[in-house]
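Everything on this sheet refers to the single structure shown next.
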Amino acid sequence: MRIVVVGGVAAGMSAASRARRHNPEAEVAVFERGGEISYGACGLPYVIGGDVPDLGDLIARTPERMRGQGIDVRVRHEVTGVDAGARTVTVLDREAGGTRTEPYDRLLIATGVNAVRPEWARTDLRGVHVLRDLADGRAILASLKGATCACIVGAGYIGLEMAEALHSRGLRVTVLEKAPEVAGRMLDRAYQQRVRAELERHGVEVRCGTSVEELVGENGHVRAVQTDHGPVPADLVIVAVGVKPNTALAEAAGARLGETGAIAVNTRQETSVDGVYAAGDNSESLHCVTGQKVHIPLGLTANRMGRVAGVNMAGGEARFPGIVGTAIFKTFDLGAARTGLTQTEAEGLGLDAVSVDVESTDHAGYYPTAAPIFVRLTGERGSGRLLGVQLVGQPASVKRVDVVAALLHQRGSVGDLFELDLAYAPPFSSVWDVLLVAADRLG
Ligand code: FAD
Ligand code: NAD
């Protein structure tokens with residue numbers, strides 16, 4: 001049994017480790033086109049911002065360590081083709097040069113996503129970056145030297161985290177977003193506005209409803225971003241306008257893509273091609289609240305899909321049950337979290353949704369560190385089905401989103417939420433936690 005894994009980060013390395021553990025007889029090979037494997041891309045903004053000292057701190061396992069565990073990891077090796085009939089892949093050695101053909105019995109495509117680069121961002125100007133991997137992180141750190149003003153294009157997850165990071169490095173930061181508000185894909189409008197207010201409170205200039213026309217350079221270095229509302233000075237530009245699933249190899253293998261554009265997989269992470277699996281950011285998942293296929297590329301999903309694929313490729317039986325749309329991020333002193341559906345998303349799906357907003361403190365108001373927390377709880381009118389929650393408050397306080405995520409997995413109701421025995425002591429919550437207050441009002 002020879003298992004070949006393409007991509008050596010979250011999904012790929014979870015799969016390789018699991019496969020090896022499940023079937024120690026299996027030969028497992030991992031091809032990674034980059035120079036490192038098994039690192040936490042999620043930590044990149046915190047190294048760039050200076051909270052985490054070194055990019056190396058993000059690396060969980062090295063190729064040497066994996067080889068010691070019997071997994072043949074080859075970095076700087078790019079898989080450039082798949083012949084699903086012959087069960088072979090073509091591998092380009094990016095260091096030594098030359099290609100060779102490698103056989104497989106089971107193949108996992110764990111190739112992640114590519115950062116979207118609009119036409120204006122395809123430039124040779126120095127100081128212009130996307131942020132996907134360690135190499136991008138290294139390049140951004142190098143560009144920080146001497147930089148004074150940064151422009152971040154896109155106010156999604158990466159844009160919002162990088163606004164804080166670059167501000168922490170003393171740069172003047174402008175965020176340009178083409179949508180009417182920041183955090184548009186994650187939160188309802190009122191909660192988006194709270195996020196923008198936090199950026200502005202720290203002196204970040206936020207320009208929504210703004211389109212970039214071109215980048216202006218001088219002596220090979222970026223100097224400004226030209227927008228439809230005039231130029232914005234910038235000697236560092238982060239392009240964070242979204243991602244696209246990296247499906248090239250799956251398509252080469254003849255695997256079906258789903259309507260989302262990501263790779264269609266079943267609950268065993270099998271693609272439509274026999275012996276070919278896919279996992280991670282490049283794959284669709286089932287949204288357990290809507291029953292629809294979605295492409296929501298996040299870290300836990302990638303690790304979990306990889307684990308499932310690894311067990312199945314090694315001859316075991318594992319299933320990925322799906323997701324409920326849980327996400328969380330921090331910008332400056334504000335955390336924002338959501339799970340399930342927002343009111344806007346529920347309405348977009350034609351659901352008869354109703355929401356309540358509760359403004360309270362994240363723990364007993366008399367306890368010294370109490371801070372405001374805002375909760376929007378959404379349910380289905382009539383049935384009382386729980387649909388989702390959004391929280392904005394101190395970063396640690398919004399992690400209570402997980403309570404609602406757990407209930408969504410159990411297809412719980414607003415009434416079920418109200419009945420929960422949640423932990424209480426003044427430093428942690430009010431006796432009636434804000435989630436219970438919201439459930440009571442909505443129920
Ligand atoms: P990736 O991590 O993208 O790995 C895919 C690998 O495949 C890459 O290393 C690539 O080089 C390799 N590859 C591609 N094509 C080939 C080929 N043909 N041959 C060989 N190798 C190939 N998620 C969260 O849930 N929470 C967070 O806070 C969070 N923060 C993030 C912050 C940043 C800056 C970024 C970039 C992402 C963040 N994410 C976060 C997303 C999370 O990192 C991803 O969901 C996760 O890394 C996906 O893992 P993956 O293995 O599917 O893909
Ligand atoms: P994103 O989809 O979260 O946000 C992209 C933003 O760019 C959107 O607000 C969009 O309206 C805007 N945009 C699109 N085109 C634009 C243009 N031409 N000009 C200006 N704005 C434009 O994507 P991202 O921030 O690039 O992050 C990519 C992925 O990384 C996310 O989907 C997520 O999977 C992952 N991520 C997650 C976290 C987290 O969970 N905390 C953190 C960082 C990254």
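Whatever order the structure lists them in is the order used to number ligands and atoms, beginning at 1.
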Can you confirm, on distance only, whether ligand 1 has an N/O atom lying under 3.5 Å from any N/O atom belonging to [X]?
| X | answer |
| --- | --- |
| L44 | no |
| G299 | yes |
| A279 | no |
| E78 | no |

- prompt: Between Y277 and R106, is there a cation-pi geometry (under 6.0 Å to ring centre, at most 45° from the normal)?
  reply: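 Ring-cation test returns no.
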Work out whether the distance between some heavy atom of [X] and some atom of ligand 2 is less than 4.0 Å.
| X | result |
| --- | --- |
| A327 | no |
| A240 | yes |
| V212 | no |

What's the shortest distance from [atom] to any protein heavy atom, and which residue and atom give it?
| atom | value |
| --- | --- |
| atom 7 (O) of ligand 1 | G7 CA, 3.3 Å |
| atom 40 (O) of ligand 2 | L298 CD2, 3.5 Å |
| atom 16 (C) of ligand 1 | T111 CG2, 3.8 Å |
| atom 4 (O) of ligand 2 | G156 CA, 3.2 Å |
| atom 26 (N) of ligand 1 | C42 SG, 3.9 Å |
| atom 51 (O) of ligand 1 | A11 N, 2.9 Å |
| atom 20 (C) of ligand 2 | K178 N, 3.3 Å |
| atom 21 (N) of ligand 1 | R33 N, 3.1 Å |
| atom 49 (O) of ligand 1 | A10 CB, 3.3 Å |
| atom 33 (C) of ligand 2 | P297 O, 3.6 Å |
| atom 8 (C) of ligand 1 | E32 OE1, 3.5 Å |
| atom 3 (O) of ligand 1 | G112 CA, 3.7 Å |

State the atoms of ligand 2, each with its element, that fall below the 4.0 Å cut-off from a heavy-atom position in [X].
| X | value |
| --- | --- |
| F329 | 41 (N) |
| R185 | 1 (P), 2 (O), 3 (O), 32 (O) |
| V153 | 19 (N), 20 (C) |

Backbone, side chain, both or neither: what part of [X] comes under 4.0 angstrom of ligand 2, heavy atoms only?
| X | value |
| --- | --- |
| I328 | backbone |
| V243 | side chain |
| V182 | neither |

message: With the threshold set at under 4.0 angstrom, would you say H77 reaches ligand 1 through any of its heavy atoms?
response: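 Yes, H77 has a heavy atom closer than 4.0 Å to ligand 1.
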message: Tell me whether ligand 1 is touched by D133 - counting only heavy atoms on the residue side and a distance under 4.0 Å.
response: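 It does not, in that no heavy atom of D133 comes within the 4.0 Å cut-off of ligand 1.
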Which option, [options], owns the non-hydrogen atom nearest [atom]?
| atom | options | value |
| --- | --- | --- |
| atom 23 (O) of ligand 2 | G242, G299, A302 | G242 |
| atom 16 (C) of ligand 2 | T227, I296, V241 | V241 |
| atom 25 (O) of ligand 2 | V130, V116, I158 | I158 |

query: Under 30°, 30 to 60°, or over 60°: which ring-plane class applies to H202 and F332, parallel, tilted or perpendicular?
result: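 Parallel.
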- request: Using a 4.0 Å heavy-atom cut-off, say whether T301 meets ligand 1 through its side chain, its backbone, both or neither.
  value: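 For T301, there is no contact with ligand 1 at all, from either part.
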Does any N or O atom in [X] lie less than 3.5 angstrom from one in ligand 2, N or O only?
| X | answer |
| --- | --- |
| Y157 | yes |
| G184 | no |
| E177 | yes |

- prompt: Looking at R76, R61, R138, which one forms a salt bridge (Lys or Arg N to Asp or Glu O under 4.0 Å) with E36?
  reply: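 The residue from R76, R61, R138 that satisfies salt bridge (Lys or Arg N to Asp or Glu O under 4.0 Å) with E36 turns out to be R138.
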field: For A110, atoms of ligand 1 separated by under 4.0 Å from a heavy atom
entry: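 Numbered from 1, ligand 1 contributes 5 (C), 6 (C), 7 (O).
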Subset of ligand 1 atoms that lie under 4.0 Å from at least one heavy atom of V6: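 So the answer, numbered in order with elements, is 17 (C), 19 (N), 20 (C).
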message: Between R2 and E102 (salt bridge meaning N to carboxylate O under 4.0 Å), is one present in this structure?
response: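 Here R2 pairs with E102 in a salt bridge, since their nearest N and O are under 4.0 Å apart.
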message: What I want to find out is whether R400 reaches D402 closely enough, with some N-O distance under 4.0 Å, to be called a salt bridge.
response: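 Judged by the 4.0 Å cut-off on N to carboxylate O distance, R400 and D402 do not form a salt bridge.
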[Y] and [X] side chains, donor-acceptor separation under 3.5 Å:
| X | Y | result |
| --- | --- | --- |
| T331 | E198 | no |
| D188 | Q343 | no |
| S272 | R256 | no |
| N282 | T111 | yes |
| R65 | S38 | no |
| T148 | D235 | yes |

- prompt: Any idea which heavy atoms bring V79 and L249 closest together, and the distance?
  reply: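 The answer is O-CD2, 3.7 Å.
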